[in-house]
Amino acid sequence: MASIRRTLSPAYHDRSYQNGAGFSSPSNKFLPDGSSKHFSSSSHLPFLFNAVNIVYRKGWRRSFCRCLFFFVIGFVFGIAPFGYSDTDVRAKDFTFPELKPPHANLRFDDQIVTSVSLSVNTKLLEPKESTDIIEPLKQLIVVTPTYNRGFQAYFLNRLGQVLRLVKPPLVWIVVEEKAASHETAEILRKTGVMYRHVLCAFNSSSLKDPRVHQRNAALEHIERHKLDGIVFFADDDNVYTLELFESLRTISRFGTWPVAMLAQSKNKAILEGPVCNASQVIGWHTNDKSKRLRRFYADMSGFAFNSSILWDSKRWACPFSNPIRQLDTVKEGFQESTYIEQVVEDESQMEGIPHGCSRIMNWHLHLDTDNLFYPKGWLLEKNLEVILPIK
């Protein structure tokens, strides 16, 4: 058997062997083509060089054959179907699903169709039920008389901010005496509420309550322009809730509710208004003995009515044919009752709100502001740093 001698690494070139073979220097190298740069002069070197060259060539071929053999084996094992996995990519994964119509169980009778008639489905054209129809909200016509006095700006701003929170449609009729003031007009513009600034030309200086003719001027304006809605007399010095304005829209002809107020002595609160059974008025609250002769015990801010009564009295069969106005010839405290008598005949034509008249929705505070100082202007442009004593 032939033996193969391996070449030694350069680290062992200086070592001597027993057979006496060796290299003259550690720099001797063999090239693949059989040439060498330096070799020993020994007679055995050519034979050794040829043997190593043959071994080198045969070793490269054997290594290549081994690599090729193991590559073929790995390739065969890789494509062999040894198992099944859900992640295998199949051709069916790239196919679109077959769309088929749903199965219909059709029965064909023996009847023969001789004619075809075309018709329109009237159910689609029928209007929806009344419950689905959204009815528009009734317009609220709020009448506010005002005049120059202390806290006028405070009262108007407070009422304007309340009306700003009420859902439209709403129109605010503000009535002034003689001439429209610039300050009042500016307040109305800043509230953001739709308003009408009306003037009362009647001289009411002789009356204790000048607001009677101011309300009549607003009623004349509504009648002339035939404004449709619910009329409500809202004095600027009263306190109102949003619930009151929302309840006004439920009135069909005439509605009333109880009002809480301070007594003239300012030491107790009294209640004035209707006593209701559900929405039916069956009596009245009153604590003032001097007003027991009145027909209806309602406060001026404790009732509202349909505006069409003013310009269409025949529709409502009003007891009087004359224009409905407040009277300045009656005693103080009787204006409310005498006005209501022109609108309705008795309690059967009234509606109590809210249900059962069980809630207080506005307050009438008798605030005496006659002795308070009313400034001529609303802005101080000069001497802002000067502190003036209050006289």
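For reference, positions follow the sequence shown, starting with 1.
Aromatic ring centres of Trp257 and Phe232: separated by under 6.0 Å. The distance between the ring centers of Phe305 and Tyr339 falls below 6.0 angstrom.
Using cut-offs of 30° and 60° for the angle between ring planes, the His221 and His225 rings count as tilted.
Among residues two or more places apart in sequence or in another chain, the side chain to side chain contact (heavy atoms under 4.5 Å, CB included) test is passed with Arg189 by His182, Ala185, Glu186, Tyr195. Taking Ser348 as the reference, Asp346 meet the side chain to side chain donor-acceptor pair (under 3.5 Å) condition, with sequence neighbours excluded. By the side chain to side chain donor-acceptor pair (under 3.5 Å) test, Gln280 is found to be paired with no residue, residues two or more places apart in sequence or in another chain being considered.
Applying the salt bridge (charged side-chain N to carboxylate O under 4.0 Å, His left out) test to residues at least two apart or on different chains, the pairs with a partner in residues 349-367 are Glu243-Arg359.
Taking CZ of Arg295 as the start and CD of Glu345 as the end, the distance is 10.5 Å to the nearest 0.5 Å. Rounded to the nearest 0.5 Å, atoms CZ (Arg149) and CG (Asp236) are 4.0 Å apart.
In terms of heavy atoms, Gln342 sits closest to Pro323 at OE1-O, 3.9 Å. When all heavy atoms are compared, the tightest approach of Val259 to Gly302 is CG2-CA, 3.6 Å. Counting all heavy atoms, side chain and backbone alike, Cys357 lies closest to Thr256 at SG-O, 4.5 Å. Among all heavy-atom pairs drawn from His213 and Cys200, the shortest one is O-SG, 3.6 Å. Shown here for Ala217 and Val198, the closest heavy-atom pair between the two residues is O-CG1, 4.4 Å. Here the shortest heavy-atom pairing between Gln152 and Tyr147 reads CD-O, 3.1 Å.
The existence of a salt bridge linking Glu223 and Arg325 is confirmed by a sub-4.0 Å separation between a basic side-chain nitrogen and an acidic carboxylate oxygen.
Ile309 has its side chain within reach of Arg253: a pair of non-hydrogen atoms, C-beta onward, lies under 4.5 Å apart.
Cluster membership for Leu137 and Ile230, using ILVMFWY side-chain heavy atoms within less than 4.5 angstrom, is not shared. A continuous path of hydrophobic side-chain contacts links Trp363 to Tyr154 [ILVMFWY only; heavy atoms under 4.5 Å].
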Return all side-chain donor-acceptor pairs below 3.5 angstrom for residues 157-173, not counting sequence neighbours, or 'none' if the list is empty.
{"residue": "Asn157", "atom": "ND2", "partner": "Ala153", "partner atom": "O", "Å": "2.7"}
{"residue": "Arg158", "atom": "NH2", "partner": "Asn238", "partner atom": "O", "Å": "3.2"}
{"residue": "Trp172", "atom": "NE1", "partner": "Thr144", "partner atom": "OG1", "Å": "2.8"}

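Side-chain atoms of Gln326 do not come within 3.5 Å of backbone N or O of Gln335 as any donor-acceptor pair. Put simply, the side chain of Asn306 gets close to the backbone of Ser308: a donor and an acceptor are under 3.5 Å apart. Remark: the backbone N or O of Ala234 is not paired with any side-chain donor or acceptor of Ser301 at under 3.5 angstrom. Within the 3.5 Å criterion, the main-chain N or O of Val231 finds no donor-acceptor partner in the side chain of Ser307. Using a distance-only test at 3.5 Å, with no hydrogens or angles considered, a donor-acceptor pair links the side chain of Thr250 to the main chain of Ser247.
Members clustered with Val275: Ile282, by chain and number, using a 4.5 Å side-chain heavy-atom cutoff among hydrophobic residues.
Side-chain N/O atoms of Glu347 and Trp284 include a donor and acceptor closer than 3.5 Å.
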